[in-house]
Number of protein chains: 2
Amino acid sequence: MKKIDILKKLRSSKLRPTKQRVEIAKFLFEREKTFHFTVESLNKLLLKKSISKIALATIYNTVHAFKAAGHLSEVEVRGNKTYFDTNVSNHHHFYDSENSELIDIDANEIVIQKIPKAPNGKKIKNVEVFINLKN
Amino acid sequence: MKKIDILKKLRSSKLRPTKQRVEIAKFLFEREKTFHFTVESLNKLLLKKSISKIALATIYNTVHAFKAAGHLSEVEVRGNKTYFDTNVSNHHHFYDSENSELIDIDANEIVIQKIPKAPNGKKIKNVEVFINLKN
DNA sequence: TTTCACTTTAGAATAATTATAAACTAGATT
DNA sequence: AATCTAGTTTATAATTATTCTAAAGTGAAA
Ligand SMILES: [Mn+2]
Ligand SMILES: [Mn+2]
Ligand SMILES: [Zn+2]
Ligand SMILES: [Zn+2]
(Lines give C-alpha, C1' and ligand atoms only; values in the text may rest on other atoms or scores of the structure.)
(Ligands and ions follow the chains in the order given, each with its own letter.)
Protein backbone atom coordinates (compact mmCIF):
# COMPACT_ATOMS: atom_id res chain seq x y z
CA MET A 1 0.00 0.00 0.00
CA LYS A 2 1.34 3.38 -1.08
CA LYS A 3 1.39 6.64 0.79
CA ILE A 4 -1.37 7.97 -1.42
CA ASP A 5 -3.64 5.20 -0.12
CA ILE A 6 -2.86 6.11 3.45
CA LEU A 7 -3.90 9.66 2.67
CA LYS A 8 -7.08 8.36 1.06
CA LYS A 9 -7.91 6.35 4.15
CA LEU A 10 -7.40 9.41 6.30
CA ARG A 11 -9.38 11.71 4.07
CA SER A 12 -12.26 9.24 3.72
CA SER A 13 -12.29 9.01 7.52
CA LYS A 14 -12.63 12.81 7.69
CA LEU A 15 -9.20 13.06 9.27
CA ARG A 16 -6.50 15.56 8.35
CA PRO A 17 -3.21 13.81 7.65
CA THR A 18 -1.29 14.83 10.72
CA LYS A 19 2.01 13.28 11.74
CA GLN A 20 0.38 11.11 14.40
CA ARG A 21 -2.46 9.90 12.20
CA VAL A 22 -0.17 9.05 9.30
CA GLU A 23 2.02 7.04 11.66
CA ILE A 24 -0.97 5.14 13.00
CA ALA A 25 -2.45 4.59 9.54
CA LYS A 26 0.82 3.36 8.07
CA PHE A 27 1.31 1.02 10.99
CA LEU A 28 -2.18 -0.40 10.60
CA PHE A 29 -2.60 -0.57 6.87
CA GLU A 30 0.86 -1.03 5.34
CA ARG A 31 0.98 -4.76 5.92
CA GLU A 32 0.27 -7.93 4.05
CA LYS A 33 -1.82 -9.85 6.52
CA THR A 34 -4.76 -9.01 8.72
CA PHE A 35 -3.89 -7.28 11.97
CA HIS A 36 -6.01 -7.85 15.06
CA PHE A 37 -5.34 -5.52 17.96
CA THR A 38 -6.58 -3.71 21.01
CA VAL A 39 -5.87 -0.04 21.62
CA GLU A 40 -3.50 -1.10 24.37
CA SER A 41 -1.52 -3.48 22.14
CA LEU A 42 -1.44 -0.95 19.31
CA ASN A 43 -0.14 1.68 21.68
CA LYS A 44 2.68 -0.59 22.87
CA LEU A 45 3.67 -1.49 19.33
CA LEU A 46 3.62 2.14 18.24
CA LEU A 47 5.83 3.06 21.20
CA LYS A 48 8.45 0.56 20.05
CA LYS A 49 8.25 1.49 16.38
CA SER A 50 7.70 5.23 16.48
CA ILE A 51 10.03 8.03 17.31
CA SER A 52 7.41 10.15 18.99
CA LYS A 53 4.93 8.88 21.53
CA ILE A 54 1.31 9.35 20.58
CA ALA A 55 -1.29 10.12 23.24
CA LEU A 56 -3.73 7.34 24.01
CA ALA A 57 -6.64 9.67 23.28
CA THR A 58 -5.29 10.23 19.78
CA ILE A 59 -5.06 6.50 19.20
CA TYR A 60 -8.61 5.98 20.43
CA ASN A 61 -9.90 8.83 18.29
CA THR A 62 -8.10 7.71 15.17
CA VAL A 63 -9.05 4.07 15.51
CA HIS A 64 -12.68 5.00 16.07
CA ALA A 65 -12.67 7.27 13.03
CA PHE A 66 -11.26 4.44 10.91
CA LYS A 67 -13.90 2.14 12.25
CA ALA A 68 -16.68 4.64 11.54
CA ALA A 69 -15.35 5.00 7.99
CA GLY A 70 -15.29 1.23 7.52
CA HIS A 71 -11.52 0.87 7.42
CA LEU A 72 -11.46 -1.18 10.60
CA SER A 73 -13.95 -3.61 12.06
CA GLU A 74 -14.56 -4.61 15.63
CA VAL A 75 -14.37 -8.23 16.70
CA GLU A 76 -16.09 -9.70 19.71
CA VAL A 77 -13.61 -11.48 21.90
CA ARG A 78 -14.06 -12.77 25.40
CA GLY A 79 -12.68 -10.26 27.83
CA ASN A 80 -13.14 -6.63 28.61
CA LYS A 81 -10.99 -5.03 25.96
CA THR A 82 -12.22 -4.07 22.49
CA TYR A 83 -10.54 -5.83 19.57
CA PHE A 84 -10.17 -4.27 16.14
CA ASP A 85 -9.45 -5.91 12.82
CA THR A 86 -7.90 -4.52 9.66
CA ASN A 87 -9.88 -7.09 7.68
CA VAL A 88 -13.22 -5.41 7.00
CA SER A 89 -14.53 -8.01 4.61
CA ASN A 90 -17.11 -10.52 5.75
CA HIS A 91 -15.07 -13.25 7.40
CA HIS A 92 -14.84 -15.53 10.41
CA HIS A 93 -12.34 -16.29 13.17
CA PHE A 94 -10.54 -18.95 15.03
CA TYR A 95 -10.07 -17.83 18.60
CA ASP A 96 -7.23 -19.25 20.63
CA SER A 97 -7.99 -18.37 24.23
CA GLU A 98 -4.56 -19.62 25.38
CA ASN A 99 -2.92 -16.49 24.03
CA SER A 100 -6.02 -14.43 23.14
CA GLU A 101 -5.14 -14.74 19.47
CA LEU A 102 -7.54 -14.29 16.58
CA ILE A 103 -6.93 -15.99 13.22
CA ASP A 104 -8.91 -15.10 10.13
CA ILE A 105 -11.06 -17.58 8.30
CA ASP A 106 -12.06 -16.58 4.82
CA ALA A 107 -15.83 -16.37 4.27
CA ASN A 108 -15.77 -19.15 1.68
CA GLU A 109 -14.02 -21.57 4.03
CA ILE A 110 -17.23 -21.98 6.00
CA VAL A 111 -20.44 -23.10 4.38
CA ILE A 112 -23.65 -23.10 6.37
CA GLN A 113 -26.25 -25.53 5.15
CA LYS A 114 -29.14 -24.80 7.44
CA ILE A 115 -29.94 -21.56 9.18
CA PRO A 116 -33.06 -20.40 11.05
CA LYS A 117 -35.16 -17.58 9.68
CA ALA A 118 -34.95 -14.21 11.39
CA PRO A 119 -37.59 -13.47 14.05
CA ASN A 120 -40.69 -11.27 13.45
CA GLY A 121 -39.92 -8.07 11.52
CA LYS A 122 -36.17 -8.62 11.53
CA LYS A 123 -33.74 -9.47 8.78
CA ILE A 124 -30.35 -11.12 8.87
CA LYS A 125 -27.57 -8.55 8.61
CA ASN A 126 -24.69 -10.99 8.67
CA VAL A 127 -23.49 -14.24 10.15
CA GLU A 128 -20.31 -14.51 12.19
CA VAL A 129 -18.74 -17.81 13.11
CA PHE A 130 -16.26 -18.22 15.94
CA ILE A 131 -14.28 -21.41 16.20
CA ASN A 132 -12.82 -21.65 19.67
CA LEU A 133 -9.59 -23.59 19.87
CA LYS A 134 -7.96 -25.77 22.50
CA ASN A 135 -4.64 -27.60 22.62
CA MET B 1 -37.60 -26.13 39.07
CA LYS B 2 -38.01 -26.95 42.74
CA LYS B 3 -36.32 -25.46 45.75
CA ILE B 4 -34.24 -28.58 46.15
CA ASP B 5 -32.72 -27.95 42.73
CA ILE B 6 -31.82 -24.42 43.70
CA LEU B 7 -30.01 -25.82 46.71
CA LYS B 8 -28.24 -28.32 44.47
CA LYS B 9 -27.08 -25.55 42.19
CA LEU B 10 -25.73 -23.63 45.15
CA ARG B 11 -24.03 -26.61 46.71
CA SER B 12 -22.47 -27.71 43.42
CA SER B 13 -21.15 -24.16 43.06
CA LYS B 14 -19.55 -24.46 46.50
CA LEU B 15 -21.89 -21.80 47.85
CA ARG B 16 -23.74 -21.94 51.17
CA PRO B 17 -27.43 -21.30 50.67
CA THR B 18 -27.67 -17.86 52.17
CA LYS B 19 -30.72 -15.61 51.79
CA GLN B 20 -29.06 -13.52 49.09
CA ARG B 21 -27.77 -16.44 47.08
CA VAL B 22 -31.08 -18.28 47.18
CA GLU B 23 -32.82 -15.14 45.94
CA ILE B 24 -30.35 -14.77 43.07
CA ALA B 25 -30.49 -18.45 42.20
CA LYS B 26 -34.28 -18.57 42.21
CA PHE B 27 -34.44 -15.48 40.07
CA LEU B 28 -32.00 -16.93 37.56
CA PHE B 29 -33.04 -20.55 37.40
CA GLU B 30 -36.75 -20.73 38.21
CA ARG B 31 -37.88 -19.81 34.73
CA GLU B 32 -38.99 -21.53 31.57
CA LYS B 33 -36.92 -19.77 28.97
CA THR B 34 -33.28 -18.84 28.66
CA PHE B 35 -32.31 -15.66 30.46
CA HIS B 36 -29.57 -13.45 29.08
CA PHE B 37 -28.34 -10.72 31.38
CA THR B 38 -25.56 -8.47 32.54
CA VAL B 39 -24.75 -7.99 36.21
CA GLU B 40 -26.19 -4.50 35.92
CA SER B 41 -29.49 -5.67 34.45
CA LEU B 42 -29.73 -8.51 36.95
CA ASN B 43 -29.15 -6.07 39.77
CA LYS B 44 -31.95 -3.79 38.56
CA LEU B 45 -34.37 -6.67 38.18
CA LEU B 46 -33.51 -8.00 41.62
CA LEU B 47 -34.07 -4.57 43.14
CA LYS B 48 -37.60 -4.50 41.72
CA LYS B 49 -38.43 -8.06 42.66
CA SER B 50 -36.68 -8.50 45.98
CA ILE B 51 -37.50 -7.17 49.39
CA SER B 52 -33.90 -6.70 50.41
CA LYS B 53 -31.25 -5.10 48.27
CA ILE B 54 -28.28 -7.28 47.52
CA ALA B 55 -24.81 -5.77 47.27
CA LEU B 56 -23.31 -5.66 43.78
CA ALA B 57 -20.25 -7.56 45.00
CA THR B 58 -22.49 -10.40 46.12
CA ILE B 59 -24.15 -10.54 42.72
CA TYR B 60 -20.77 -10.57 40.98
CA ASN B 61 -19.45 -13.27 43.29
CA THR B 62 -22.52 -15.46 42.97
CA VAL B 63 -22.78 -15.14 39.21
CA HIS B 64 -19.10 -15.98 38.82
CA ALA B 65 -19.44 -19.00 41.07
CA PHE B 66 -22.37 -20.24 38.98
CA LYS B 67 -20.34 -19.70 35.86
CA ALA B 68 -17.35 -21.56 37.28
CA ALA B 69 -19.66 -24.43 38.20
CA GLY B 70 -21.12 -24.52 34.71
CA HIS B 71 -24.57 -23.27 35.66
CA LEU B 72 -24.16 -20.09 33.63
CA SER B 73 -22.28 -19.37 30.45
CA GLU B 74 -20.82 -16.15 29.15
CA VAL B 75 -21.83 -14.77 25.77
CA GLU B 76 -19.78 -12.42 23.67
CA VAL B 77 -21.80 -9.37 22.76
CA ARG B 78 -20.65 -6.13 21.24
CA GLY B 79 -20.08 -3.63 24.01
CA ASN B 80 -18.16 -3.41 27.19
CA LYS B 81 -20.41 -5.28 29.57
CA THR B 82 -20.24 -9.01 30.19
CA TYR B 83 -23.33 -11.00 29.23
CA PHE B 84 -24.35 -14.19 30.96
CA ASP B 85 -26.70 -16.91 29.80
CA THR B 86 -28.73 -19.45 31.77
CA ASN B 87 -28.54 -21.75 28.75
CA VAL B 88 -25.32 -23.69 29.21
CA SER B 89 -25.88 -26.13 26.39
CA ASN B 90 -24.08 -25.72 23.10
CA HIS B 91 -26.19 -23.24 21.17
CA HIS B 92 -26.11 -20.15 19.00
CA HIS B 93 -27.59 -16.66 19.05
CA PHE B 94 -29.42 -14.06 17.11
CA TYR B 95 -28.18 -10.65 18.17
CA ASP B 96 -30.45 -7.68 17.76
CA SER B 97 -28.23 -4.64 18.16
CA GLU B 98 -31.25 -2.29 18.15
CA ASN B 99 -32.06 -3.28 21.72
CA SER B 100 -28.97 -5.33 22.61
CA GLU B 101 -31.12 -8.43 22.76
CA LEU B 102 -29.89 -11.99 22.46
CA ILE B 103 -32.17 -14.76 21.21
CA ASP B 104 -31.24 -18.41 21.48
CA ILE B 105 -30.84 -20.66 18.48
CA ASP B 106 -30.85 -24.33 19.21
CA ALA B 107 -27.69 -26.16 18.14
CA ASN B 108 -29.59 -28.32 15.65
CA GLU B 109 -31.11 -25.31 13.90
CA ILE B 110 -27.76 -24.52 12.32
CA VAL B 111 -25.89 -27.04 10.22
CA ILE B 112 -22.40 -26.26 9.03
CA GLN B 113 -21.39 -28.10 5.88
CA LYS B 114 -17.81 -27.00 5.46
CA ILE B 115 -15.39 -25.91 8.14
CA PRO B 116 -11.62 -25.32 8.06
CA LYS B 117 -9.32 -27.57 10.04
CA ALA B 118 -7.75 -26.17 13.18
CA PRO B 119 -4.26 -24.65 12.84
CA ASN B 120 -1.03 -26.47 13.85
CA GLY B 121 -1.28 -28.29 17.19
CA LYS B 122 -4.72 -26.95 18.01
CA LYS B 123 -8.10 -28.63 18.15
CA ILE B 124 -11.58 -27.25 17.79
CA LYS B 125 -13.21 -26.76 21.18
CA ASN B 126 -16.56 -25.51 19.91
CA VAL B 127 -18.20 -23.43 17.21
CA GLU B 128 -20.36 -20.43 17.99
CA VAL B 129 -22.53 -18.75 15.40
CA PHE B 130 -23.87 -15.23 15.77
CA ILE B 131 -26.57 -14.03 13.45
CA ASN B 132 -26.70 -10.26 13.61
CA LEU B 133 -30.13 -8.80 12.90
CA LYS B 134 -31.36 -5.59 11.32
CA ASN B 135 -34.85 -4.20 10.78
C1' DT C 1 -24.72 -21.42 73.34
C1' DT C 2 -20.33 -20.80 71.57
C1' DT C 3 -17.36 -20.76 67.89
C1' DC C 4 -15.41 -19.87 63.49
C1' DA C 5 -15.05 -20.28 58.80
C1' DC C 6 -17.71 -18.42 55.45
C1' DT C 7 -20.53 -14.19 53.84
C1' DT C 8 -22.16 -9.74 53.04
C1' DT C 9 -21.40 -5.19 52.39
C1' DA C 10 -19.83 -0.37 51.57
C1' DG C 11 -16.40 1.65 49.87
C1' DA C 12 -11.76 1.74 47.74
C1' DA C 13 -8.97 0.21 43.90
C1' DT C 14 -8.22 -1.00 39.12
C1' DA C 15 -8.80 -1.07 34.19
C1' DA C 16 -10.74 0.38 29.84
C1' DT C 17 -12.67 4.05 27.71
C1' DT C 18 -14.42 8.72 27.02
C1' DA C 19 -14.61 13.70 28.01
C1' DT C 20 -12.40 18.19 28.77
C1' DA C 21 -10.03 22.11 27.83
C1' DA C 22 -5.70 24.34 27.03
C1' DA C 23 -1.80 24.46 23.90
C1' DC C 24 -0.60 23.45 19.19
C1' DT C 25 -0.71 23.07 13.94
C1' DA C 26 -2.22 22.40 9.03
C1' DG C 27 -3.62 24.71 5.61
C1' DA C 28 -6.55 28.44 3.89
C1' DT C 29 -6.60 33.53 3.50
C1' DT C 30 -4.50 37.71 3.11
C1' DA D 1 5.43 35.19 4.09
C1' DA D 2 2.57 36.48 7.99
C1' DT D 3 -1.94 35.79 9.78
C1' DC D 4 -5.93 33.34 10.94
C1' DT D 5 -8.85 29.61 12.33
C1' DA D 6 -10.88 25.31 12.52
C1' DG D 7 -9.24 21.19 13.55
C1' DT D 8 -5.87 18.48 16.45
C1' DT D 9 -2.99 16.75 20.22
C1' DT D 10 -2.24 16.08 24.76
C1' DA D 11 -2.33 15.58 29.81
C1' DT D 12 -5.46 14.95 32.90
C1' DA D 13 -10.07 14.27 34.79
C1' DA D 14 -14.31 11.74 34.54
C1' DT D 15 -16.92 7.69 33.74
C1' DT D 16 -18.04 2.81 33.65
C1' DA D 17 -17.52 -1.99 34.59
C1' DT D 18 -15.38 -4.92 37.50
C1' DT D 19 -12.54 -6.57 41.35
C1' DC D 20 -10.54 -6.03 45.90
C1' DT D 21 -10.59 -5.13 50.87
C1' DA D 22 -11.55 -5.40 55.38
C1' DA D 23 -14.90 -4.85 58.88
C1' DA D 24 -19.28 -6.47 60.57
C1' DG D 25 -22.61 -10.27 60.22
C1' DT D 26 -24.28 -15.19 60.12
C1' DG D 27 -25.07 -20.38 59.48
C1' DA D 28 -24.47 -24.45 61.34
C1' DA D 29 -21.24 -27.69 63.65
C1' DA D 30 -19.74 -28.88 68.14
MN1 LIG E 1 -15.46 -8.73 24.43
MN1 LIG F 1 -18.33 -7.91 24.58
ZN1 LIG G 1 -10.27 -10.92 11.31
ZN1 LIG H 1 -28.22 -18.14 24.87
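Not measured: the values here are computed from a predicted model. Both backbone and side-chain heavy atoms feed into the values below; hydrogens, waters and symmetry mates do not. Chain identifiers are assigned alphabetically (A, B, ...) following the order of the sequence lines, protein sequences preceding nucleic acid strands; residue numbering begins at 1 within each chain.
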Let me know the distance between NZ of B:Lys44 and P of D:dA17, rounded to the nearest Å. 9 Å
Calculate the interatomic distance between B:Glu40 atom CD and D:dT19 atom P; express it in whole Å. 14 Å
Side chain of B:Ala55 - closest among C:dT9, D:dA17, D:dT9: C:dT9
Candidate nucleotides D:dT10, C:dT7, D:dA17, ranked by approach to the side chain of B:Arg21 - the nearest: C:dT7
Between C:dA26 atom P and A:Leu15 atom CG, what is the distance in whole Å? 15 Å
C:dT18, OP1 or OP2 - any side-chain N/O from A:His64 closer than 4.0 Å? yes
Test salt bridge (Lys or Arg N to Asp or Glu O under 4.0 Å) on B:Arg78 and A:Glu128; report intermediate values, then the result. CA-CA 12 Å; B:Arg78 226 142 287 244; A:Glu128 285 182 87; 3.0 Å; yes
From CG of A:Leu56 across to P of C:dT17 the rounded distance in Å is 10 Å
Looking only at the side chains, is there a donor atom on one of A:Asp106 and A:His92 sitting less than 3.5 Å from an acceptor on the other? no
Compute both the distance and the angle, then confirm whether B:Lys67 meets the cation-pi test with B:Phe84: under 6.0 Å from the six-membered ring centre, within 45 degrees of the axis. no
Nearest to the A:Tyr60 side chain among D:dC20, C:dT17, D:dT18, which nucleotide is it? C:dT17
Hey, does the side chain of B:Thr18 come within less than 4.0 Å of C:dT8's phosphate (OP1/OP2), counting only N and O? yes
With nearest nucleotides of DNA chain D determined for B:Phe84 and B:Pro17 from heavy-atom distances, which residue corresponds to the more 5′ nucleotide? B:Phe84
Separation of C:dT7 P from B:Arg11 CZ (nearest whole Å): 14 Å
N or O in side chain of B:Thr82 less than 4.0 angstrom from D:dT18 OP1/OP2: yes
5'-most contact on DNA chain C (nearest-nucleotide basis), B:Arg16 vs B:Lys53, goes to B:Arg16
Kindly confirm or rule out a cation-pi arrangement of B:Lys49 over B:Phe27, judged by NZ or CZ under 6.0 Å from the six-membered ring centre and within 45° of its axis? no
Checking D:dT9, C:dT18, D:dT18 against the side chain of A:Thr58 (C-beta onward), the nearest is D:dT9
Phosphate-side-chain proximity, B:Gln20 and C:dT9, N/O vs OP1/OP2 below 4.0 Å: yes
Separation of D:dA11 atom C1' from A:Asn61 atom CG, nearest Å, is 14 Å
Spacing of A:Leu42 atom CG relative to C:dT17 atom C1', expressed in whole Å: 15 Å
Rounded off to whole Å, could you give me the NZ-to-P distance for the B:Lys81 and C:dT18 pair? 14 Å
Shortest non-hydrogen separation from B:Lys19 to B:Ser52 and the atoms involved: NZ-OG, 4.2 Å
